[in-house]
Every structure is written in C-alpha cells, then in structure tokens.
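Each chain gets a letter, A, B and so on, in the order the sequences are listed, and its residues count up from 1.
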Amino acid sequence: MKSTLERLIPVLYEAVTHVTGIKNTLSLVIQYTKKEFPGYITLVLLPLMKILKQSPEKMGNQIGKYVKKHSQIIQSFRYINGFLNFECTDSYYNELLKELSSSNFLTTTSSDKKTLMIEYSSPNTNKPLHLGHIRNMVLGHSISELFKSVGKKVIKIQILNDRGIHICKSMLAWNKFSGGETPENSGMKGDHLVGKYYVCFEKAYRKEVNDLCAQGFDEKKAKKEAPIMQEVHQLLRLWESGDEKILALWKKMNNWVYQGFKKTYRQLDINFDYTQYESNTYLLGKRVIEEGIKKKVFFYKEDGSVWVDLTKEGLDEKLLLRANGTAVYLTQDLGTTIERFEKYPIDSLIFLVGEEQKYHFRALFIILKKLGYVWADKLFHLSYGMVELPSGKMKSREGIVVDADDLLEQMNQVAKKITKELGKVHDYSSTDLKTLSLGALKYHLLKVDPKKRIMFNPETSVDFKGNTGTYIQYTYSRIRSLERKAMAIASKNIHPYSPSEEEKYLLKILEQYPSLVKSSAENFSPAILANYIYELAKSFNDFYQNVSVKIIQDKNLDQAIFRLKLSILCGEVLKLGLKLLGINMPERM
RNA sequence: AGUCACGUAGCUCAGAUGGAUAGAGCAACUGCCUUCUAAGCAGUUGGUCGCAGGUUCGAGACCUGCCGUGAUUACCA
C-alpha cells in the first residue's frame, strides 16, 4: 500500500507547478509533520522563496487551497513560518487504520530476489566467546533478518578459525599443565576449559620472557626465544606435517570448544546456514598466487616472497606468500572469498568483522578487483566498533573479558529477581525469563549505531528500565493483555471516529514502518529500527496511559474500536520490529 | 608520521537523505496505582552540538583546517 506521503506527493507537485509555474526543475521537501506542530504532512516552502520573490504566506495559501481542492484526503492546511502543514480528514484516518491493519503493509515484499551472503561470528577456537562476539552475532543475525524482510535471500556463514598458533598454545599448555583435565572429569564447559589453558600458556610465556629479560635479554629477543614459544612453533610444524598424535589432540580439544560454542549459540538463538573450517580452507589462497603472478598483479621479491603493490590505492605493499611458501591471512581470505562465489549462487557478500580489520578488507577488495573479479564491487566489510570496558579494551590473553556465558547467566538471574520482586507473574518459565534477559541484552547492543564503540560497564550492566528491550516487551504485553480482555470489541468494524492528536501521531509512526525497515537494511544498521521501535513504544505508552476513558469500559463504541485496533496494530509492529532484531516478545510480564 | 572512524546534557545514546524551538534513557528531585499491567505515565533540573573558518535563505548534519579519542599501517589472525 502507499503511504500518506506517497499519496500526496503528486498533488503537491501539481499544486506547486500550478501556483509557481515552475515545472520539473525543483525537488520539493515533503515530510511528516513533526510532533510539536499541528498537522500530518508538511511541505517546506523555504526553498521556493529563493526562486520566487513572492511572500511565502501568500504562496502557501495558494498551494494549500489547490491541494485541498484536488485531494480528497486533505481536510485543512495551515501556514507557519515557511512551512505548510496539512491535516487529513477523519475519514482518511479511519481508512488508513483499516488499511494498515488489514493490508499486506507489514509483510514487506520486494522484487529484488538477489542472494546475499553474510559472514559473521567466526570465532577462534582457543577461548570461549565474550561480549564482543555477542555484539557481532546479534548484529549478524539482525542484519540477516532485515535483508530477508526486504526480499533478499540471505545465506549466513561462519568460518571457524580452528588452526594456527593460537590453538597450539592451548594444546601445549594442556599437555604440560592439565594432568588430563577434560570437560567430563572437571564439569567445565569445553570452550572454557580450552580457554583456561590458553591463559595458562600466556602466563607461563610471560614468566619466561620476564626471566629472560632479567638475564639481560632484550624484550624482543626474549619474546622470540622463550622456550615455551619455541615449543609452540614446533607444535604448529607438527600439526602442518600431519602428525597423528597432534592431530588427535587438536581434534579432541576443538570438539570440546565446539560443544561449548554450540551451547552459547543456542542460548543466543544464533545459527548459520554454513560453517567453514579454516583447516579446510587455509591452503585455498595458493592458487590465487599463481593467478596473480600470471596476471602481473603480484610480484616476487628476491627471497621468494610474493607481494602486491597497493601504494597507488593509498595502502602499502602487502605480503601474500611468505618466503617459506606459507600463506598469510590475506591470501587465505582471497581463497575463501573466491570459493564462496564459485560454490554458492550469491550476488554479494558482507563480512561482519570488527573495525580493527578495516585495512585488511580494503586490501582484500582492491586485490580481487585487480584480479578482475566482476563481483569485487559487491563485497562489503561491515565494520563495527568494539565493546570496551571502563578499564579499556577487553583482553582475552589476560582474562579481562566479559564472558558470554557468565553474562547471559547473570542477566537471567537479574531478570528472575526483578520478576519475583514485582510479583506480577508467578509461573514464569525459564523460556520466559530468557526472553526478557536476552531481549534486554540484544537491544542494549543493537540500539547503538554499529560503527560506534560500545562502553559496557559491568557494574551498571544492562538495564531493564527506560530505553530498553524490556520497555518494549512490557509495552507489548500490556497490549496483549488489553487484547485478551477486549476480544469482543476487536472483531467489530471501524466506524468513523475523530482521532486525537496522540492517535494520529501513532498512525504517522506506524505507516513509516516499511520505509524504516528498508532504511535500516540499506544502512546495515539495526539501530535505526531499534530507535524507531522505541519511539513507537513510547508514543503508545503515552497514549495508553493518558486516555481519559479506559478502552474496555468506553461507552463510545466507535472510539473504543478505533483505539483497540490501533493498539493491536502497535503491538504487531512492535513484535515484528523486535523480531528483526532477534528479540522475542512475552505474552505477559 | 600516513590512512580511516568517532567527538551532541554529569553518564549512555538518538537526531535516515541539510529544514521549524537539538531529543530520549540513566542519575537527582516532585507528583500519579481500591490498576484496560506503575518493568509505566506526567513534571523539574541539566546543551557555546570538540574548536575555528566556509558553502547555504537555512548546518548538529556538507567542505577545509585544527584539537581530542580510538583503530590500523606485522613474513600475527
């Protein structure tokens, strides 16, 4: 269906042409009237004043008269200070509510049937997930949902960084210090167990470095020559040579981690269509090397290493193959990116990866373009800011992190406590509690612009009051409760009713839902939608708590029906909107 | 040093394409529950939108310079 704005655009242009005589040469500024001013749709006259040396008030009156005469939905207009505000007829508002409630305007459709792949999460397998990962996952999920809702086919993919020096560190420390500790015999979640030995390694390593420094080594040398570091590199070589014993340990420990991740993913309702393993893809880049050399995009240096010159693009020379013939991160990503386009029918690819890798992806995309891949323009690095603590960055190596599982558990406890204190619902299930705690956490992370850093204070943590997921969920459960109590009225048809300013404002917000979803997807920003949903919830609560007559007691049946339908519609939009953020709604609170 | 982000109320953040008097939440204070759910509503206090120029009828938004914060520029991933 067409929005009110879309309906009025033609007649407004017509009116301006009629009054001013100017055709096609100007673009009018037409918008929904701001809350503080009376009216529904506004035409900004100021730009016209520049062209015509007429009094804007006079011009506004002429345009207003023309529009009123030629549009059936306009009731009146008012000129204020360079702005022409239009008010619609009561019957239009009734019709609008009817259309919004019954039409397909909530199920956004699109002719764009393109397939988009999004890579997110993609953790290392040497430590458990933390709050930074949660931000990534929650963003990835929401952006996937947003694109689905505007008609794209979305493929969600993660690549598990399951090999390399980092996992060797955990393996070595486990071999040395664990005494055979397993998730089974310790009761510890697998990823936490492996993470424990990663921290273990770092501690032992730091001690060795300090000892060496005390013996007079300089720090750089000490870091390189610490015995335990030597051992790790030996372990990595054994892994790459396919040593069976090492591979068995590697598989065992990775499996512990996967069991752990699986549990956390389930807690967060996160899932993927495909999972890649770096151990399967890390060699893929090598064929790109040959291709690049053949096309003279890459070049050899004397020691046999392979490079690409990106200085013209404002970057540096980047290494693609070490002198010893092994691939680096960039090479590997070239390989996996090409493979994705060959293996899956995708039109574009989004990498949801932290802002610290901006440079990496810039280089990656430029190289692919240089290699002549036509889809290189369809690559997008969705970079997001990191989650910081009051003490600064989170540091996994030192164990200074907000652990994902701990946080989820803690939030669940708080939700339980508050629910109990308020004492309204006594039979809350663990699923209900999860809906609340997850809603609060996800909304907290999604309401801020992805590209901005998030400051997370564990002391104050995530709120359940104010601009929160909880607030929106609460608003929804109020509406559901109302709906249950007023079922009889809800089924009746809408009769003409003259809506209040608050009610018109709700309609104004509601009808903008599809365009907000679209803008949210286009800008890769669930925050846009989150803030819209909050505004809707707030306006609903304002309306709900300030109507003079309770809806279900209202003797004026037309008013009651209008209000009830409006409320139900608000509830539906709140629910759909939060669904796109990956947040569920409770029926009661 | 180069490149790229960000800088809005004490704190955390909105301000989609330049438009009316810059908005929320938290914190502080004041009212409102014999209830269509008070996890709420209404109100008070709180701003030289980092600074300085420029473009424009109009700039928090765009351009230039500066300051501040962060990321990055690894034969790490």
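- Remark: P of B:rA77 and NZ of A:Lys169 are 11 Å apart, rounded to the nearest angstrom.
- When the side-chain nitrogen and oxygen atoms of A:Arg362 are compared with OP1 and OP2 of B:rU72, none of them lie within a distance under 4.0 Å.
- Using cut-offs of 30° and 60° on the angle between ring planes, the pair A:Tyr497 and A:Phe562 is tilted.
- In this structure B:rC49 sits in the anti conformation; its chi angle is more than 90° from 0.
- With C1' as the reference atom, B:rA14 and B:rG60 are 12 Å apart, rounded to whole Å.
- As rounded to the nearest Å, B:rG47 and B:rG40 have C1' atoms that lie 28 Å from one another.
- Taking atom CG of residue A:Asn467 and atom P of nucleotide B:rU12, one finds them 15 Å apart after rounding to whole Å.
- Contacts of A:Ser477 with the nucleic acid, taken as non-hydrogen atoms under 4.0 Å apart, include base atoms.
- Note on A:Lys358: every side-chain N or O is 4.0 Å or more away from OP1 and OP2 of B:rA71.
- The aromatic ring centroids of A:Tyr471 and A:Tyr534 lie less than 6.0 Å from each other.
- Counting non-hydrogen atoms under 4.0 angstrom, A:Phe37 reaches a base of the nucleic acid.
- Going from the C1' atom of B:rC41 to that of B:rA24 covers 15 Å, rounded to whole Å.
- Using a 4.0 Å heavy-atom distance criterion, A:Asn541 is classed as a sugar-phosphate-only contact.
- The CZ atom of A:Arg484 sits 9 Å away from the P atom of B:rU37 (whole-angstrom rounding).
- Nucleotides B:rC63 and B:rC6, compared at atom P, are 11 Å apart to the nearest Å.
- A:Tyr532 comes within 4.0 angstrom of no nucleic acid atom, judged by non-hydrogen atoms across all strands.
- Within the 4.5 Å cutoff, the side chain of A:Ile367 has heavy atoms near those of the A:Leu330 side chain.
- With contacts defined as side-chain heavy-atom distances shorter than 4.5 Å, the pair A:Arg478/A:Asn541 qualifies.
- Among the protein residues, A:Asn324 comes within range of no part of the nucleic acid, since none of its heavy atoms lies under 4.0 Å from any strand.
- For the P atoms, the distance from B:rU73 to B:rU55 is 40 Å, rounded to whole Å.
- Contacts of A:Ala323 with the nucleic acid, taken as non-hydrogen atoms under 4.0 Å apart, include base atoms.
- In this model, the phosphate group of B:rC75 is not approached by any side-chain N or O of A:Ser305 to a distance below 4.0 Å at OP1 or OP2.
- With P as the reference atom, B:rC62 and B:rU17 are 8 Å apart, rounded to whole Å.
- Residue contacts shown for A:Asp449 are limited to sugar-phosphate atoms, with no base heavy atom under 4.0 Å away.
- For the pair A:Leu482 CG and B:rG40 P, the computed distance is 18 Å after rounding to whole Å.
- Between A:Tyr329 and A:His360, the ring-plane angle classifies as parallel under the 30° and 60° cut-offs.
- B:rU48 and B:rG31 have their C1' atoms separated by 34 Å, with the value rounded to a whole Å.
- Residues A:Phe351 and A:Phe361 place their aromatic rings such that the two centres sit under 6.0 Å apart.
- Between B:rA38 and A:Lys465, no contact under 4.0 Å exists linking OP1 or OP2 to a side-chain N or O.
- Using a 4.0 Å heavy-atom distance criterion, A:Ser520 is classed as making no nucleic acid contact.
- Within 4.0 Å (heavy atoms only), A:Ile454 reaches sugar-phosphate atoms of the nucleic acid but no base atom.
- Judged by the 6.0 Å and 45° rule, A:Arg397 forms no cation-pi pair with A:Tyr198.
- Using the six-membered ring where Trp is involved, A:His133 and A:His130 have ring planes that are tilted, between 30° and 60° apart.
- The phosphate of B:rC4 (OP1 or OP2) has no side-chain N or O of A:Lys451 nearer than 4.0 angstrom.
- Between the side-chain ring of A:Phe83 and the base of B:rA20, a stacking contact exists by the 5.5 Å and 30° definition.
- The aromatic ring of A:Tyr359 does not sit over the base of B:rU3; the criterion of centres under 5.5 Å apart with planes under 30° is not met.
- Consecutive pairing runs in RNA chain B reach the stem threshold at B:1-7 with B:67-73, B:10-13 with B:23-26, B:28-32 with B:40-44, B:50-54 with B:62-66, where a stem means at least three Watson-Crick or G-U wobble pairs with distances under 3.5 Å.
- Within the structure, every side-chain polar atom (N or O) of A:Lys447 is placed at least 4.0 Å from both OP1 and OP2 of B:rA24.
- For the pair A:Phe77/A:Asn85, no side-chain contact is recorded, criterion being any heavy-atom separation below 4.5 Å from C-beta on.
- Taking the six-membered ring where the residue is Trp, the centroids of A:Phe147 and A:Phe524 are separated by under 6.0 Å.
- Side-chain atoms of A:Thr42 and base atoms of B:rA20 include a donor and an acceptor less than 3.5 Å apart.
- Contact annotation: A:Arg322 side-chain N/O to B:rC76 OP1/OP2 distance is under 4.0 Å.
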